[in-house]
Amino acid sequence: MSLKACIYDLDGVITDTAKYHYHSWKWVGSQLDYTLTEKQNMKLKGVGRKESLDKILKWSGARISEAEKQNLLVQKNHMYLEFIDKMTPEEAFPGFREFNKLAKAQGIKVAIGSSSRNAIRIIDKLDLVLAFHAIVDGGMTENSKPEPDIFLLAAEKLQCEPSECLVIEDSQAGLTAAKKAGMKSVLYGDDKGIKGAHMQMNSWADADLEKFKSLFS
Ligand code: B16
Ligand code: MG
């Protein structure tokens, strides 16, 4: 078995959108008379939009109608997109472009597997639309992370077996999804609370394609 494909998470792996989500979810919290902490925001990493609101409602104990929920989701996304639309290509993490080019030059297929329904808009702002063989976002599958659907669809689009794919993720939801998909994984970042990755790297400066390949031998 050899490494045939890298499936990258987007938010937190290729760029830092968590700060924009935090600002927007904090506003949602304020509408519920609740103060969302940064630690709680970390728990929303990789979790779909609707599921994130459900968690905030649980933490706050607030009870609202389905129509109010929909309204908050629309407003949260509106606020978030105001930040996204100001993003520039410089917001891609340093070293990502170089790693991705190296992987492709070695015949490795590359895809995005993101829970975000805004993934294509973000990738466009980073000027990376043509950098991948496939893009799978949260709007393309029935279930979001931690279910494996997003990564399995990415493997299918790349025409690779799950056992030939390496997922690079920054969230527990994403690593659980990779495991359920039967894929190897690398944790991006140094969050000690996140479990289940086969390897860890702090940044793209640490990314070592040969080490990644060795996970498959
Ligand atoms: P949206 P990823 C995830 O993206 C984010 O980590 C998570 O914080 C967010 O709630 C989710 O996308 C949905 O995002 O509201 O844009 O649809 O990390 O899977 O790339
Ligand atoms: Mg992420």
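All residue numbers in this chain count up from 1 along the given sequence. Read the numbers this way: they start at 1 and go in the same order the structure lists the ligands and their atoms.
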Exercise. Can you pull out the closest protein heavy atom to atom 4 (O) of ligand 1? Residue, atom name and distance to 0.1 Å, please.
Key: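 Looking only at protein heavy atoms, the one closest to atom 4 (O) of ligand 1 is Asp11 OD2, 2.7 Å.
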
Quiz item: When you measure from atom 9 (C) of ligand 1 to every protein heavy atom, which one gives the shortest distance, and what is it?
Solution: Val47 O, 3.2 Å

Exercise. Under the side-chain hydrogen bond (donor to acceptor under 3.5 Å, both in side chains) rule, collect the residues that match up with Thr17, sequence neighbours excluded.
Key: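 Per chain and number, Thr17 pairs via side-chain hydrogen bond (donor to acceptor under 3.5 Å, both in side chains) with Asp11.
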
Self-check item: Residues in side-chain hydrogen bond (donor to acceptor under 3.5 Å, both in side chains) contact with Asn71, at least two apart in sequence or another chain
Solution: Gln75

Self-check item: Exercise: identify the closest heavy-atom pair between Met183 and Pro162
Solution: CG-O, 3.3 Å

Quiz item: Does even one non-hydrogen atom of Gly12 get within less than 4.0 Å of ligand 1?
Solution: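 So Gly12 does not count as touching ligand 1.
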
Quiz item: Under a heavy-atom criterion of less than 4.0 Å, does Gly138 contact ligand 1?
Solution: no

Quiz item: With sequence neighbours left out, what residues match Glu51 under side chain to side chain contact (heavy atoms under 4.5 Å, CB included)?
Solution: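 So Glu51 forms a side chain to side chain contact (heavy atoms under 4.5 Å, CB included) with Val47.
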
Give the numbers and elements of all ligand 1 atoms closer than 4.0 Å to a heavy atom of [X].
X: Ser52; result: 10 (O)
X: Tyr80; result: 16 (O)
X: Leu10; result: 20 (O)

Exercise. Go around the Mg ion (ligand 2) and count every protein N, O or S atom nearer than 2.8 Å.
Key: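 Protein N, O or S neighbours of the Mg ion (ligand 2) under 2.8 Å, waters not counted, come to 3.
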
Quiz item: Side chains of Ser163 and Glu161: donor-acceptor distance under 3.5 Å anywhere?
Solution: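 Not at all, the side chains of Ser163 and Glu161 share no donor-acceptor pair under 3.5 Å.
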
Self-check item: Path from Leu187 to Trp204 over hydrophobic side-chain contacts below 4.5 Å
Solution: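 No, Leu187 and Trp204 fall in different hydrophobic clusters.
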
